[in-house]
There are 2 protein chains.
Amino acid sequence: MRRESDKITIRIIGSKWNLMIIFNLSHQTLRFTELQKRMDNVNPKTITKHLRYLERYNIIKRVVYPEVPPKVEYSLTEYGIALIPLLKPIMEWGSTLQYDITKEK
Amino acid sequence: MRRESDKITIRIIGSKWNLMIIFNLSHQTLRFTELQKRMDNVNPKTITKHLRYLERYNIIKRVVYPEVPPKVEYSLTEYGIALIPLLKPIMEWGSTLQYDITKEK
DNA sequence: CCGGATCCATCAGGATACTG
DNA sequence: CAGTATCCTGATGGATCCGG
């Protein structure tokens with residue numbers, strides 16, 4: 001590992017949940033429940049944990065509307081948006097993955 | 001998530017260990033113990049598990065030399081090498097990450 | 001030297017209930 | 001609605017030992 005920042009970067013993109021959140025917010029703002037629905041109805045604790053983590057690194061934005069019932073919207077920040085075009089080529093790369101069944105354990 | 005392949009891709013790059021292996025092999029072939037040393041001396045079980053996983057997807061290559069003592073070398077395949085230039089921009093992106101201490105929990 | 005086998009601690013995440 | 005709290009289970013990874 002060359003740089004210290006690489007470890008943090010790996011901790012961010014090396015996480016299934018973080019990636020799923022980022023992808024789901026990549027082209028739209030979503031409320032908590034909407035996001036949860038798109039993430040296979042994972043339990044709220046898991047989502048909250050990763051949302052807070054991404055928020056701390058200024059990758060996503062959390063906007064609370066002081067209403068009843070409560071309304072909270074999540075979206076990517078400028079910084080987070082900058083990640084999307086970098087992730088795209090990797091997904092393209094992954095779309096041609098070949099699973100070797102002979103190495104099945 | 002748009003495609004089925006995206007889920008697999010996320011399972012590959014959304015893993016700390018997989019990323020660390022790929023990075024460590026990105027510019028050199030390494031033997032098991034050398035790789036282990038560079039990965040903070042993580043236990044062999046963890047390394048083996050992820051090496052096998054990456055091997056099954058043709059991302060890394062495992063070459064066994066029938067010697068005594070045994071010698072096994074790991075390196076990226078052509079397919080794995082193709083991932084490196086795609087990962088680089090993301091590491092650059094991550095090098096400017098800002099941690100927001102006010103959102104410390 | 002390359003791992004597989006075993007035992008154990010930790011933790012992520014599921015299920016569910018509940019509140020501001 | 002947007003979480004937090006609680007309880008629980010399964011997977012992950014550490015530590016150690018051992019064999020080919």
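To find a chain, count down the sequence lines: A is the first, B the second, and so on, and within it residues start at 1.
Contact annotation: Y74(B) side-chain N/O to dC1(C) OP1/OP2 distance is not under 4.0 Å. Residue T46(B) places no side-chain N or O under 4.0 Å from the OP1 or OP2 atom of dT12(D).
Of the two residues contacting DNA chain D, namely P70(A) and T48(A), the nearest-nucleotide position lying further toward the 5' end is that of P70(A).
Applying the 3.5 Å distance criterion, the base of dG13(D) shares no donor-acceptor pair with the side chain of K49(B). One donor-acceptor pair, N or O on each side, does fall under 3.5 Å between the base of dG14(C) and the side chain of K45(A).
Using a 4.0 Å cut-off between a side-chain N of Lys or Arg and a carboxylate O of Asp or Glu, R3(B) and E92(A) qualify as a salt bridge.
L25(B) and Y74(B) get closest at one heavy-atom pair: CD2-O, 3.5 Å.
With dG13(D), dT16(D), dC1(C) as the candidates, the nucleotide lying closest to the side chain of W17(B) is dG13(D). Relative to the side chain of R62(B), the nucleotides dG3(C), dG14(D), dA2(D) differ in distance, and dG3(C) lies closest.
In this structure, K16(B) places its NZ atom 9 Å from C1' of dG13(D), rounding to the nearest Å. Straight-line distance from the CE atom of M39(A) to the P atom of dG3(D): 14 Å, rounded to whole Å. Rounded to whole Å, the distance from CG on N43(B) to C1' on dA11(D) is 14 Å.
When side chains are defined from C-beta on, E55(A) does not count as touching D100(B), because their heavy atoms never get closer than 4.5 Å.
Here the two rings, on Y79(A) and W93(B), have centers that are under 6.0 Å apart.
Note on V42(A): only backbone sugar-phosphate atoms sit closer than 4.0 angstrom, heavy atoms only; bases stay farther off.
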